[in-house]
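Indexing begins at 1, ligand by ligand and atom by atom, following the structure's order.
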Amino acid sequence: MAGRLQDKVAIVTGAGSVGAGWGNGKATAVLFAREGARVLAVDLNAEAAEETRAIIEDEGGTCTTFRADVSEAAEVEAMVQGCLDAFGRVDILHNNVGIGALGGAVQTTEEDWDRLHKVNLKSIFLCCKAVLPEMERQGGGAIVNISSVGGIRWIGIPYIAYASSKGAILQVTQSIALEYAAKGIRCNAVLPGLMDTPMIYASIADHYGDREEVAKRRNAASPTGKMGDAWDVAYAALYLASDEAKYVNGTHIIVDGGLSARAV
Ligand code: NAP
């Protein structure tokens with residue numbers, strides 16, 4: 001079914017991928033474009049965003065890239081202006097950027113604690129702060145925030161700063177959803193579980209030893225026997241971003257194959 005985001009303009013942050021293959025942001029940017037959205041693909045890594053743009057344009061879609069660190073207010077403001085310059089409006093804000101750092105309460109450094117909260121949480125606050133006045137002026141919009149099952153559950157490894165930042169995203173989501181509900185702006189979150197994306201090999205391979213071990217452990221930990229992938233996250237985001245979810249607000253979709261429902 002094509003055209004689920006026809007005539008919409010979407011900002012997707014972290015629309016590149018940290019490595020070869022499909023990250024959540026890259027898959028979401030491509031899927032949004034396949035469904036008719038014009039996409040501003042934002043990334044710290046301009047080359048990674050260009051790769052996403054090339055895929056979208058090869059498929060006949062519309063995409064412009066913007067290099068920005070979404071944890072810096074001035075760069076976020078420039079990003080929103082860049083979207084208005086390119087497409088004249090912004091209907092969807094997809095806050096995908098997130099990073100991990102291994103460590104529990106004792107091992108985690110203050111620097112890592114601050115860095116993760118800045119990149120994972122403050123970036124969402126800054127992007128919403130910059131986009132909301134524009135959505136309000138337009139009379140509506142949809143925001144999708146990428147949290148994590150790690151924000152509501154212990155995921156088997158010490159990951160305290162990540163867990164804290166991802167948990168807080170849910171409260172930010174609810175706060176915005178209720179404040180803006182009467183203005184036609186919806187805000188929801190997606191909680192991915194164990195997904196097979198390039199980021200996991202970059203961020204947690206140290207804990208498990210090597211790439212094969214990461215995949216083996218995460219597949220075994222999934223109730224389905226297999227990790228999910230970036231497209232599973234992208235399809236949940238597509239629904240929340242689309243008008244099909246017009247009465248869905250202040251909530252979240254868990255995309256984890258049942259992981260968080262399991263007691264043992
Ligand atoms: P990814 O696509 O591989 O990485 C996203 C992109 O974000 C990278 O190109 C990265 O650039 C960029 N980025 C990092 N910091 C940025 C910043 N400050 N400003 C702008 N761009 C920035 O990652 P992913 O695996 O799909 O993860 C995406 C989201 O899903 C994250 O929020 C993550 O926490 C969440 N998630 C993932 C999983 C999973 O299992 N993979 C599970 C739960 C939640 P650089 O390469 O330059 O860093």
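Salt-bridge annotation for R4 and E244: present, with a side-chain N of the basic residue lying under 4.0 Å from a carboxylate O of the acidic one. Under 4.0 Å is where a charged nitrogen must lie from a carboxylate oxygen, and between K246 and D243 no such pair does.
For K122 and F125, the positive end is not near the middle of the six-membered ring at less than 6.0 Å and at most 45° from its axis.
By the 30° and 60° cut-offs, the orientation of the rings of W231 relative to W22 is tilted.
N96 and N24 are not linked by any side-chain donor-acceptor pair at a separation below 3.5 angstrom, with hydrogens and angles left out of the test.
Under the 4.5 Å side-chain contact rule for hydrophobic residues, I200 and M195 do not share a cluster.
If you look at ligand 1, the protein residues with a non-hydrogen atom under 4.0 Å away are G14, G16, S17, V18, G23, N24, G25, D43, L44, N45, A68, D69, V70, N96, V97, G98, I146, S147, S148, Y162, K166, P192, G193, M195, T197, M199, I200, R218.
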